[in-house]
Structures are given as C-alpha cells and as structure tokens.
Amino acid sequence: MEQANPLHPDGESKGGVLAHLERLETQVSRSHKQSEELQSMQAQEGALGTKIHKLRRLRDELRAAVWHRRASVKACIANVEPNQTVEINEQEALEEKLENVKAILQAYHFTGLSGKLTSQGVCVCISTAFEGNLLDSYFVDLVIQKPLRIHHHSVPVFIPLEEIAAKYLQTNIQHFLFSLCEYLNAYSGRKYQADRLQSDFAALLTGPLQRNPLCNLLSFTYKLDPGGQSFPFCARLLYKDLTATLPTDVTVTCQGVEASSTSWEEQRASHETLFCTKPLHQVFASFARKGEKLDMSLVS
Amino acid sequence: MDETVAEFIKRTILKIPMNELTTILKAWDFLSENQLQTVNFRQRKESVVQHLIHLCEEKRASISDAALLDIIYMQFHQHQKVWDVFQMSKGPGEDVDLFDMKQFKNSFKKILQRALKNVTVSFRETEENAVWIRIAWGTQYTKPNQYKPTYVVYYSQTPYAFTSSSMLRRNTPLLGQALTIASKHHQIVKMDLRSRYLDSLKAIVFKQYNQTYETHNSTTPLQERSLGLDINLETKFKSGLNGSILAEREEPLRCLIKFSSPHLLEALKSLAPAGIADAPLSPLLTCIPNKRMNYFKIRDK
C-alpha cells in the first residue's frame with residue numbers, strides 16, 4: 001500500500017481509509033492483547049485459587065493429624081504411666097545395689113586387709129586397729145612378676161618389711177600379708193598406748209616419755225600423787241616380741257628413802273605386774289582413779 | 001668464750017643467707033627471744049654478725065653450742081654435700097632391736113673418744129626418727145678441725161645411715177665401727193649409691209611413698225618420684241672410630257661418665273624416643289630403684 005501522508009492533499013481520502021483501517025487493526029490487536037492478558041491473569045488467578053485450595057486442604061489435614069496425635073498421646077500416657085514408674089524404681093534399685101557394694105568394699109577396710117587390682121599387680125591396704133579404735137593404714141604395692149616384687153609401700157622404715165618379704169613373699173603370699181599385718185597392728189597398738197600416755201596422763205609423768213621408733217622400748221618416770229610423793233617411780237618397758245602389744249620385760253624402780261619400806265616395795269612390785277598384763281594407758285587410768293579415791297577420802 | 005669458738009660461730013653465721021638467719025637462730029634456740037629482739041637484722045651483715053657474736057659471748061657459747069648451730073645450717077643446706085649410703089646388718093639369730101637413743105649416743109661418743117682422744121661429737125634428733133651426728137676429727141695430739149666435719153644421718157631401728165663424703169678418708173673405718181657397735185649391728189657395708197639429695201637417696205633406699213593410700217574409687221597409678229640423681233659409670237674408653245688417640249693406647253683410658261639431671265629417670269626414658277639411644281636402654285641406666293645403686297664399675301669381659 002502506498003504510504004499516505006495525511007498532510008498530502010492527494011492521498012487524503014486514501015490516507016483516511018487506510019489510516020482508519022490501521023487504527024481499527026491496532027484496536028483489534030490491542031483488544032486481543034488485552035483479552036490475552038485478561039486470560040492469562042484469569043489463568044493465574046485460577047492457579048492461585050487452586051493453590052489456596054490445596055494449602056487449605058493441607059492445613060486441615062495437619063490440624064486433624066495434630067488432634068489425632070494429641071489424643072493418642074494422651075491415651076498413651078494414660079496407658080504407659082504405670083510402666084514408667086516401674087523403670088524409675090528399677091533404676092533406683094540398681095543405684096541402691098551399687099551403693100551397697102561400695103559400702104561393702106569400704107567396710108572390708110575394717111577387716112584390716114583389703115586390696116585392689118592395679119595395672120601391674122595388686123595394691124594391698126592394711127588397716128590397723130587396737131581395742132576397737134581404727135588406727136593408721138599402710139599399703140603395699142605388689143608387682144606381679146617373677147619374682148614377685150614390692151613396687152612401693154608406705155610401711156614405716158623401721159618395720160622389718162624386707163625380712164618378712166625375704167621369708168614369705170615368694171613362697172606364700174598369704175603368710176607374708178598376715179605376718180606384715182601382725183607387725184603393723186602390734187606397732188600401731190604400742191604407738192597408741194605411748195601416745196595416750198603422753199596426751200592423757202601427762203600430769204602423772206615427771207619427765208618426758210623416752211620412746212624409740214618401733215615403740216618397743218619405753219622409759220618414763222611417774223608419781224601416783226604428784227603433790228605428795230617425793231620420789232618418782234622409774235619404769236622401763238621392753239617389748240621384745242614385735243608382734244605383741246604388751247611388754248616382755250618390765251622394770252620399775254624407786255629411788256629415795258621410801259624405797260626401802262615394805263609398802264613402797266609392794267607398790268613397786270604390783271606396778272611391774274600391772275605393766276606386764278594391762279595396756280599402758282589403762283594402767284595409768286587406774287592410777288588416776290585411785291588418786292581420785294584418795295582425794296575423796298581426804299575430803300570426807 | 002674461747003677465741004676459736006667465737007671465730008667458728010662467726011664463720012658459720014656468715015655462711016647463713018640473711019633470709020634464713022632468723023629461722024636458723026630460732027631453731028638453734030641458744031639465744032633467747034629477748035636477746036634476738038635487740039638485734040637489728042636490717043643492718044649490714046657484718047654488723048648483725050658482730051652483734052650476734054657479742055650476745056653469744058654474753059651467754060658463754062661453748063664448742064658444742066657452736067657445733068649444734070653448724071648441724072642446723074647443714075640441715076638447711078643438705079645439697080652442699082655429697083652423701084654416701086651405708087647399710088648395716090645383724091648376725092643371724094640376733095635379738096630384736098631395742099634401740100635406746102641415750103645408750104646409742106653414749107656408746108657412739110665413747111668409741112670415738114677412746115680411739116682419737118680429740119674429737120667433737122654432737123647429736124640432733126629430728127621428728128622423722130632420724131638422728132643427725134656431727135663429728136669434728138682430731139688426733140691424739142691435735143685439736144679437732146671444726147671446719148671439716150663429717151655428718152651422719154642415722155635412721156634408728158633401720159640398717160641405714162647416710163654420711164657426707166669426707167675428704168678425711170682415713171676416719172671412715174672408725175666411723176663405721178662406731179656406728180655399727182653403738183647401734184648393735186655386726187657389719188657395715190658401703191652401698192654403691194651416692195647423691196647430693198638425701199630425699200632421693202631415702203626414696204630409693206626405703207622405697208617409701210609418702211602419699212596417703214587412695215580409696216577404692218581411685219584409679220590413678222602411683223607415679224615415680226622425680227629423683228635428683230646422678231648415674232656414675234666407671235669404664236674404659238673404647239672407640240668405634242679408627243685412629244682415635246684416646247682408644248689406641250697401651251692402657252685404655254679409664255674414665256668416669258656422669259649422667260646428671262633433676263629428673264634423671266624421666267630424662268633417660270626420653271632418650272630412645274628422641275633417637276639418641278637405641279631402645280631398649282641398657283639396664284645400667286634404668287635399674288637404679290631396683291638395685292639401689294647409682295655408681296657402676298664396668299669391667300672388661
């Protein structure tokens with residue numbers, strides 16, 4: 001088609017019709033577009049609509065599921081609660097058993113001899129006691145090799161551990177342990193008596209207590225009546241049996257004028273017997289009681 | 001107060017570091033509290049010493065007082081000496097050891113005095129059932145030399161005594177005799193064990209472990225104590241290299257190899273992993289706690 005210039009006088013009428021046609025064409029295409037757009041928008045709207053439907057459905061399903069769950073859990077709890085308490089009881093029972101076993105193991109300590117396995121052997125613990133009083137504990141760490149060996153120990157250096165080990169360790173370990181127990185318990189007992197004498201009856205002693213590491217030689221001076229008596233008694237206690245807590249030899253002397261008199265001699269002899277037969281602190285306890293009786297008699 | 005005593009006390013006090021002075025003087029317990037309070041310890045050391053000597057003169061210090069001060073100084077400075085270990089033994093079927101400290105001291109002193117006439121013997125007991133003995137040696141004709149004493153630490157009712165290595169070696173047999181007889185033993189033997197650190201020697205000899213026993217719940221293993229020891233090897237020099245002057249001699253060179261460390265056993269354990277020594281390490285280097293030796297003589301096979 002000829003291009004029409006609307007301002008040209010010749011193509012005026014043609015321009016007019018063509019232009020009109022053109023205008024109508026664009027109108028149509030515009031309206032097509034618009035209807036396309038409208039359609040696509042409608043389609044989109046439709047799609048979104050379906051999506052909304054789907055989501056709503058999903059929400060409802062989930063809600064229903066949650067309800068269902070809750071209901072069933074409630075029912076479960078109602079059913080399961082008695083079982084759960086049973087579990088708790090079992091756990092408590094086990095813990096109780098464990099505590100019992102631990103207590104038993106600790107109690108073994110009180111039998112005097114206990115032990116535990118180590119990476120290299122066994123560590124034996126000897127707990128000493130005297131007259132129902134629990135005293136010091138000592139341990140011996142044994143390495144199980146050939147020959148059986150003592151790795152570490154806390155036995156005091158003056159206890160003849162090496163001698164006892166030389167005699168029994170390789171051949172009869174039970175004998176070794178019991179022998180060591182004997183020595184340690186006896187040493188603990190002698191030490192206990194000496195300590196008690198120093199701490200509880202210092203008032204009756206007229207000088208320091210002489211003692212040696214094994215507490216198997218004790219030497220002291222004492223007065224029954226610290227105020228009245230002029231000369232003290234001198235006592236010398238020898239414990240030649242290292243597995244015993246009573247002395248094997250006792251000598252009591254008394255210097256001074258009174259020594260020759262029979263009453264003092266009787267006293268001296270009776271003291272010797274006392275020291276031989278009763279633990280040291282008990283002898284002094286009886287001295288203290290007699291002293292009290294004397295005081296009472298003076299008052300009345 | 002004797003001039004020699006004054007001089008000896010002066011030299012002893014001069015050795016004491018200022019920060020230890022009051023502690024040691026208190027342990028000595030010779031000068032009274034009142035006397036000590038009159039001393040201005042912030043002065044120059046010479047002035048402090050002068051004042052202290054004056055106080056000692058006032059109290060008429062004797063040689064035994066001076067000797068006691070010397071023992072206390074040595075107790076605080078044990079590592080200044082090298083200590084040997086002696087082990088005593090009783091005869092078979094011997095009586096139980098009824099150790100009497102008084103008897104021991106008297107007997108020990110008497111034996112030395114009978115032999116030498118001029119000797120100063122002093123004792124100081126410790127809480128650990130040990131007694132420190134100081135011996136200043138003289139002869140029949142000369143007074144005791146207070147500046148070269150021997151110290152002995154004896155653990156009563158055990159077979160062990162530790163002595164400071166003395167330059168006066170001729171007195172060692174007499175010392176051994178005195179120790180043995182006074183403690184009622186039969187024999188005395190010097191162990192191949194020596195060190196500056198008494199604690200290390202005690203750990204080896206007594207195999208003691210001071211920690212309290214843990215309860216059944218504890219699973220930690222007992223650890224080796226760190227031992228500040230030396231290992232001494234007496235040996236002859238042999239060299240793998242050809243043409244070594246030291247090895248190719250008519251008589252191979254005798255030498256003493258000394259391994260020294262504050263934590264010797266740990267250091268030795270690390271030699272093999274570090275590639276310095278072949279594993280396993282020679283038992284000579286690891287047997288110290290078991291064999292209780294740290295002085296070895298290697299002889300030719």
Side-chain angles (χ1 to χ4, degrees), chain A residues 101-109 114-121 123-127 136-141 143 145 147 149-163 165 187 210-219 236-244 247-249, chain B residues 85 87-90 92-105 125-131 153-162 183-184 199 201-225 227 287 289-292:
Chain A
V101 169
K102 279 187 190 171
I104 290 173
L105 280 176
Q106 276 188 346
Y108 261 106
H109 243 56
S114 57
K116 62 169 185 161
L117 293 177
T118 63
S119 55
Q120 292 181 302
C123 190
V124 180
C125 177
I126 298 172
S127 308
D136 289 328
S137 292
Y138 307 95
F139 72 88
V140 179
D141 202 2
V143 173
Q145 278 175 1
R149 186 164 67 83
I150 298 175
H151 183 47
H152 280 301
H153 65 85
S154 68
V155 175
V157 298
F158 38 82
I159 299 282
L161 177 61
E162 279 184 25
E163 275 175 38
Y187 159 68
Q210 315 267 350
R211 55 198 281 182
N212 62 12
L214 274 169
C215 294
N216 70 345
L217 194 156
L218 302 177
S219 178
R236 197 172 157 87
L237 276 57
L238 306 179
Y239 300 74
K240 286 183 184 164
D241 181 0
L242 288 179
T243 60
T248 49
D249 299 72
Chain B
V85 188
Q87 182 175 17
M88 295 183 279
S89 51
K90 291 188 189 265
E94 279 273 335
D95 274 341
V96 162
D97 191 349
L98 293 159
F99 182 78
D100 186 332
M101 184 60 84
K102 261 192 202 160
Q103 263 180 22
F104 171 80
K105 287 182 189 175
E125 292 168 62
T126 71
E127 276 161 14
E128 295 175 327
N129 294 313
V131 57
V153 185
Y154 172 49
Y155 283 83
S156 50
Q157 295 190 304
T158 79
Y160 299 106
F162 305 92
S183 66
K184 301 203 179 134
D199 286 339
L201 292 173
K202 275 157 59 182
I204 293 180
V205 162
F206 296 130
K207 282 191 187 173
Q208 270 242 313
Y209 191 74
N210 284 331
Q211 217 172 293
T212 51
Y213 179 66
E214 293 293 335
T215 64
H216 287 278
N217 295 326
S218 163
T219 49
T220 50
L222 301 170
Q223 282 172 318
E224 292 280 357
R225 283 236 224 123
L227 300 168
C287 71
N290 285 349
K291 284 209 176 152
R292 303 192 292 184

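Values in this document were obtained by computation on a predicted structure and should not be read as measured data. Lettering of chains follows the sequences in order, A, B, ..., and the numbering in each one begins at 1.
- Neither the backbone nor the side chain of A:L161 comes within less than 4.5 Å of any heavy atom of chain B.
- When all heavy atoms of A:N212 and B:F99 are compared, the pair lying nearest together is ND2-O, 2.8 Å.
- Listed by chain and residue number, nothing satisfies the salt bridge (charged side-chain N to carboxylate O under 4.0 Å, His left out) test with B:K184 (two or more places apart in sequence, or in another chain).
- Closest heavy-atom contact between A:E162 and B:Y160: OE2-OH, 3.4 Å.
- With B:Q157 as the partner, the side-chain contact (heavy atoms from CB on, under 4.5 Å) test is satisfied by one option alone out of A:L214, A:V157, A:L217, A:I159: A:L214.
- Across every non-hydrogen atom of A:F158 and B:N129, the tightest pair is CE2-ND2, 3.5 Å.
- Residues B:D97 and A:N216 approach most closely at O-ND2, 3.0 Å, considering heavy atoms.
- Contacts of A:Q210 with chain B are made by side-chain atoms alone, with heavy-atom separations under 4.5 Å and no backbone atom involved.
- The side-chain contact (heavy atoms from CB on, under 4.5 Å) check on B:S89 picks up B:Q187, with sequence neighbours excluded.
- If you take CG on B:L98 and OG1 on A:T248, they are separated by 7.0 Å, rounding to the nearest 0.5 Å.
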